[in-house]
Number of protein chains: 2
Amino acid sequence: MNTEQIEILLKEKNLKLTKQRKNIINKLLEIKGHFEIEELAYKLKNKGIKASRATVYRTLSILKELGLINEVIKHGNKTYYEVNLKEHHDHLVCLSCGKIIEFHDEKIEKIQNKVCKKFKFKPYYHRLEIFGICNECQKKLKKRG
Amino acid sequence: MNTEQIEILLKEKNLKLTKQRKNIINKLLEIKGHFEIEELAYKLKNKGIKASRATVYRTLSILKELGLINEVIKHGNKTYYEVNLKEHHDHLVCLSCGKIIEFHDEKIEKIQNKVCKKFKFKPYYHRLEIFGICNECQKKLKKRG
DNA sequence: CTGGCTGCAAAAACTTTGCACCTCA
DNA sequence: TGAGGTGCAAAGTTTTTGCAGCCAG
């Protein structure tokens, strides 16, 4: 997924390619990893890129509709997004340091599909979040006693 | 899990068993299924049960700490809770009618544990949400064209 | 040109908090 | 009696929206 492809997608949907949208998309492709909307808005502002918070929210909403970004983690009252660059994957979230580890397991995906078939449920997308303590934090916590 | 057991747990933690807490707990045990905080606050109010919204939030926060309720679904900007009565399970969420279907698959759980071991990650809890269209809604949508 | 987009500010929705008063143990 | 709990209202967060003006196509 690159800028051009996204631009084509927007055109197909009769969506205009404004400066703001270009800027937001470029920033997203630069970030690559997980991000929060507020963080993104802040980073844009910090780089002198003009895009109001409302526009950021509206643009992300469109990109989500288009399947270019996903809500991958919901923790506390925050939503973390991710650009849909790689193969689908799920996440381990460290409750101590906030680190996010990606993993993909084909077996889990297959079993999920089986479960859906059993219920005649048509799956669109899923989110699997495993919350716990990462290796580094376990070590730190042990040291402290 | 019943009222008595919960009361004992509260006492162990030096938490007082106030009228409000009793009422909230009873209501939760009555609901059994999935609920939102606002919905709970409303139902309590509707039954003439006195418990301010702040108290409902504070009580649910405690019950969550104690592991008596869980955040099982995060969708849109809403959080859905569930009383921890049954064995752990995950959810299918219909994007059309909002229906929630519970499922449990031991294989998925085991693979998750394997994944955690691989990353030396200590899991505390997880949440798997599969969003899609339920069987009934698929039928309805077909009929409409 | 003009429909769609933007910025602003206000509002909505959800959640937390400070404080004075109350109540369970 | 006193630590902890409650209600209220205010404030904090996150997200959405109405509207006037702007701009890409």
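Just so we're on the same page: letters track the sequence lines, and every chain starts at 1. These numbers were taken from a predicted model, which means no experiment stands behind them.
- Of the candidate nucleotides D:dA24, D:dA3, C:dC5, D:dA3 has the atom lying nearest to any side-chain atom of B:Lys16.
- Taking atom CG of A:Asn77 as the reference point, atom P of C:dC14 lies 11 Å away to the nearest angstrom.
- For C:dT15, neither phosphate oxygen OP1 nor OP2 lies less than 4.0 angstrom from any side-chain nitrogen or oxygen of B:Arg53.
- Side-chain contact between A:Lys117 and A:Asn113: absent, with no pair of heavy atoms (C-beta onward) separated by less than 4.5 Å.
- Considering only side-chain N and O atoms, B:Thr18 lies nowhere under 4.0 angstrom from the phosphate OP1 or OP2 of C:dA25.
- Of the residues near DNA chain D, A:Ala54 and B:Thr59, the one whose nearest nucleotide (by heavy atom distance) lies more toward the 5' end is B:Thr59.
- Of the side-chain N and O atoms in B:Tyr57, none sit less than 4.0 angstrom from OP1 or OP2 of C:dT16.
- Residue B:Ile62 contributes atom CD1, which lies 12 Å from atom P of C:dT16 at whole-angstrom precision.
- Between D:dG7 and B:Gln20, a contact under 4.0 Å exists linking OP1 or OP2 to a side-chain N or O.
- Between A:Lys27 and A:Glu30 there is a salt bridge, since at least one side-chain N of the basic residue sits less than 4.0 Å from a carboxylate O of the acidic one.
- Side-chain N/O atoms of B:Arg21 include one lying less than 4.0 angstrom from OP1 or OP2 on D:dG5.
- Between B:Lys78 and C:dC14 there is a side-chain polar atom (N or O) within less than 4.0 angstrom of OP1 or OP2.
- Salt-bridge annotation for B:Arg53 and B:Glu38: present, with a side-chain N of the basic residue lying under 4.0 Å from a carboxylate O of the acidic one.
- Within 4.0 Å of B:Ser61, counting heavy atoms only, lies no atom of the nucleic acid at all.
- Between the CD1 atom of A:Ile37 and the P atom of D:dT16 there is a distance of 7 Å, rounded to whole Å.
- To the nearest angstrom, P of D:dG25 lies 15 Å from CD of A:Glu12.
- Straight-line distance from the NZ atom of B:Lys45 to the C1' atom of D:dC8: 12 Å, rounded to whole Å.
- C:dA13 atom P lies 16 Å from atom CD of B:Glu39, rounded to whole Å.
- Look at CZ on A:Arg58: it is 11 Å from P on D:dG18, rounded to the nearest Å.
- A salt bridge does not link A:Glu129 with A:Lys74: every distance from a Lys NZ or Arg NE/NH1/NH2 to an Asp or Glu carboxylate oxygen is 4.0 Å or more.
- Using a 4.0 Å cut-off, some side-chain N or O of B:Thr55 falls inside it from OP1 or OP2 of D:dG7.
- In this structure, A:His88 and A:His126 have perpendicular ring planes: the angle between them is above 60°, well past the 30° mark.
- DNA chain C is contacted by both B:Leu17 and A:Asn14; A:Asn14 maps to the nucleotide lying nearer its 5′ end (nearest heavy atom per residue).
- Note: NE2 (A:His75) to P (D:dT14) measures 14 Å, nearest angstrom.
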